[in-house]
There are 2 protein chains.
Amino acid sequence: MSAVSRDSGKPRYLQIADDLAQQIRAKVLAPGEQVPSEADLMDRYAVSQGTVRKAMTELRATGLIETHHGKGSYVKNRPPVRRKSSDRFRRSHRLAGKAAYLAEAEQAGSTASVRVLYVGPVDAPEEIAERLAVPAGAKVLARRRLYFSDGIPTEEAISYLPWDVAKDIPELFEENPGGGGIYARLEEHGHQLKELAETVRVRLATKQETVALSLSPGSPIIHLTRNAESEAGRVVEVCDTIMAADQFVLDYRIPAGD
Amino acid sequence: MSAVSRDSGKPRYLQIADDLAQQIRAKVLAPGEQVPSEADLMDRYAVSQGTVRKAMTELRATGLIETHHGKGSYVKNRPPVRRKSSDRFRRSHRLAGKAAYLAEAEQAGSTASVRVLYVGPVDAPEEIAERLAVPAGAKVLARRRLYFSDGIPTEEAISYLPWDVAKDIPELFEENPGGGGIYARLEEHGHQLKELAETVRVRLATKQETVALSLSPGSPIIHLTRNAESEAGRVVEVCDTIMAADQFVLDYRIPAGD
DNA sequence: GACCTAAACTCCTCTACATGAGTAACGCTA
DNA sequence: TAGCGTTACTCATGTAGAGGAGTTTAGGTC
């Protein structure tokens with residue numbers, strides 16, 4: 001019997017949440033529907049609905065379940081963690097014609113896909129303009145895309161390129177910029193890359209982001225910004241990426257020398 | 001009057017949360033105590049305590065307020081963001097005798113301090129042993145410390161070093177390992193560092209972590225793991241760091257070449 | 001002044017109930 | 001068969017009230 005009533009000093013709703021969490025981790029409750037309804041749990045644990053709901057809220061916050069109004073609560077089958085290694089920017093990868101994202105996905109044994117949301121000119125927002133060292137509001141090429149892993153959206157990215165850099169590279173206006181991606185095209189057109197500067201920020205998802213990446217409200221997201229600097233010392237591309245934090249691990253290698 | 005009762009299709013508790021959120025953003029409620037008590041809000045919005053609590057839970061989840069049992073809810077004054085740059089591992093910094101953490105804090109114009117929680121031998125946990133390439137349970141040197149910024153804890157780090165590496169370096173057993181930190185001492189003793197491999201993970205804080213870093217439950221944290229590899233190809237130190245996610249920005253520079 | 005206690009505040013947990021609203025399945029009707 | 005409504009489930013929101021547990025303060029005692 002699920003005797004959760006032992007007065008262990010712990011609130012009942014946490015005891016229930018822990019009990020269910022353990023069942024989920026032990027696969028007693030398999031990914032899929034499983035989770036008993038609120039009414040069921042009220043009976044089972046002999047508590048009121050409010051208490052059950054608090055337990056469920058707890059599980060939802062920790063990302064173990066997702067609940068749908070009118071249907072029930074379901075054990076989340078977490079998408080596999082995806083590694084993002086700084087190695088993905090090696091020139092040799094570009095020359096080999098690999099698209100960073102798809103190659104990584106392949107390695108992880110999952111099917112990846114990309115949906116291009118927009119490719120075309122936009123007026124540079126202030127922050128982007130600053131990073132690109134162009135006047136605020138200047139025309140730049142924006143490439144906005146949404147990445148899927150096994151059908152679920154995991155990552156949204158927007159790249160911006162100065163117009164004078166992009167205008168001579170027709171592939172950049174295509175949905176698919178070709179093997180090796182944007183960076184390969186840039187290098188083919190005389191913009192040898194020197195360094196990529198990435199900045200990692202973490203915050204809770206906004207309403208829009210929860211929708212775009214189909215997250216639960218309150219989920220943390222990783223906001224990755226990247227500036228690509230050419231050998232000429234110019235920032236020839238910047239990229240903003242939003243990822244569900246629980247689905248990614250970032251790897252960086254830092255030389256220890258001077 | 002705070003007429004929140006308009007039936008805009010939106011739940012009352014969200015209307016109240018939005019109302020308060022707006023007041024916070026407009027600085028009507030300044031960082032500090034401000035937020036009226038639940039009883040006050042019950043009167044003001046003419047709703048029951050449950051509804052007020054839900055609104056407060058919402059604000060807490062979005063990180064706008066923090067509430068303390070028996071005292072009240074306070075508008076959060078976000079601590080200044082601290083940058084963690086991969087540059088902090090430059091050998092020249094080490095030779096200059098800078099302690100990475102304190103130097104960075106100084107630059108940011110805040111007062112930093114460190115509390116050493118433990119220095120001494122421990123049996124290597126499985127994951128640590130694997131990263132250090134020593135047998136599981138082997139004796140290793142652990143250095144556990146808590147970093148403060150302007151008096152509030154921001155970061156907890158544990159370093160592990162293989163015993164045979166550490167045993168000959170007496171400074172590593174001191175609370176303060178001296179200028180340039182652990183890495184400077186390692187290099188002085190023949191362990192030239194080649195590369196640092198950092199991996200970034202994000203997740204919600206556990207109960208213990210919320211206590212250690214005095215966070216609100218549900219706050220995201222950054223879990224940074226680092227392996228320090230010597231020129232000899234050996235991992236001579238590993239470090240696990242837990243940081244409050246909203247207080248840090250991580251910077252990395254990645255060479256674009258091969 | 002130093003200490004202790006009691007009261008008055010705060011938020012926290014839980015109960016019990018009522019109502020609303022989304023979903024799915026069944027069976028009836030056209 | 002195709003479409004429609006009923007019904008029976010699900011979770012979501014809200015009320016009213018009780019008692020518990022931390023925190024602060026005021027007042028009293030030593």
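Below, chains carry the letters A, B, ... as their sequence lines are ordered, and counting in each starts from 1. Only this structure's heavy atoms are used, side chains among them; waters, hydrogens and symmetry mates stay out.
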- Could you check B:G70 against A:V47 and say which one's nearest nucleotide on DNA chain C is further toward the 5' end?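 Residue closer to the 5' terminus by nearest nucleotide: B:G70.
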- Query: In terms of the nearest nucleotide of DNA chain C, which residue is placed more toward the 5' end: B:K71 or A:K54?
  - Reply: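 Between the two, 5'-proximity favours B:K71.
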Choosing from [options], which nucleotide comes nearest the side chain of [X]?
X     : options                : result
A:H69 : C:dG20, C:dC11, D:dG14 : C:dG20
B:T67 : C:dC11, C:dG22, C:dC14 : C:dC11
A:S48 : D:dC11, D:dA21, C:dA16 : C:dA16
B:Q49 : D:dG17, D:dG14, C:dT10 : D:dG17

Spacing of [X] atom [atom1] relative to [N] atom [atom2], expressed in whole Å:
X     : N      : atom1 : atom2 : result
A:D43 : C:dT15 : CG    : P     : 13 Å
A:Y13 : C:dT13 : OH    : P     : 4 Å
A:E38 : C:dG22 : CD    : P     : 16 Å
A:I16 : C:dC14 : CD1   : C1'   : 11 Å
B:M56 : C:dT13 : CE    : P     : 14 Å
B:M42 : C:dC9  : CE    : P     : 15 Å
A:I65 : D:dT10 : CD1   : P     : 15 Å
B:L14 : D:dT13 : CG    : P     : 7 Å

Is the shortest side-chain N to carboxylate O distance from B:E58 to B:K54 below 4.0 Å?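 Answer for the salt bridge query: no.
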Checklist line | Lys/Arg-Asp/Glu bridge criterion (N-O < 4.0 Å) met for A:R88, A:E198 | finding: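 A salt bridge is present here (some side-chain N lies under 4.0 Å from a carboxylate O).
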Side chains of A:S159 and A:R226, donor plus acceptor under 3.5 Å =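 Not at all, the side chains of A:S159 and A:R226 share no donor-acceptor pair under 3.5 Å.
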inquiry  = Strictly below 4.0 Å: does A:T51 bring a side-chain N or O up to OP1 or OP2 of C:dT15?
reply    =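 Yes, because at least one side-chain N or O of A:T51 sits under 4.0 Å from OP1 or OP2 of C:dT15.
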Query - Inter-residue atom distance B:R25.CZ - B:Q23.CD, 0.5 Å rounding - result: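 The CD atom of B:Q23 is 11.5 Å from CZ of B:R25, to the nearest 0.5 Å.
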* Going from OG1 on A:T241 to NE2 on A:H223, what distance comes out if it is rounded to the nearest 0.5 angstrom? ->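 Reported to 0.5 Å precision, the distance equals 7.5 Å.
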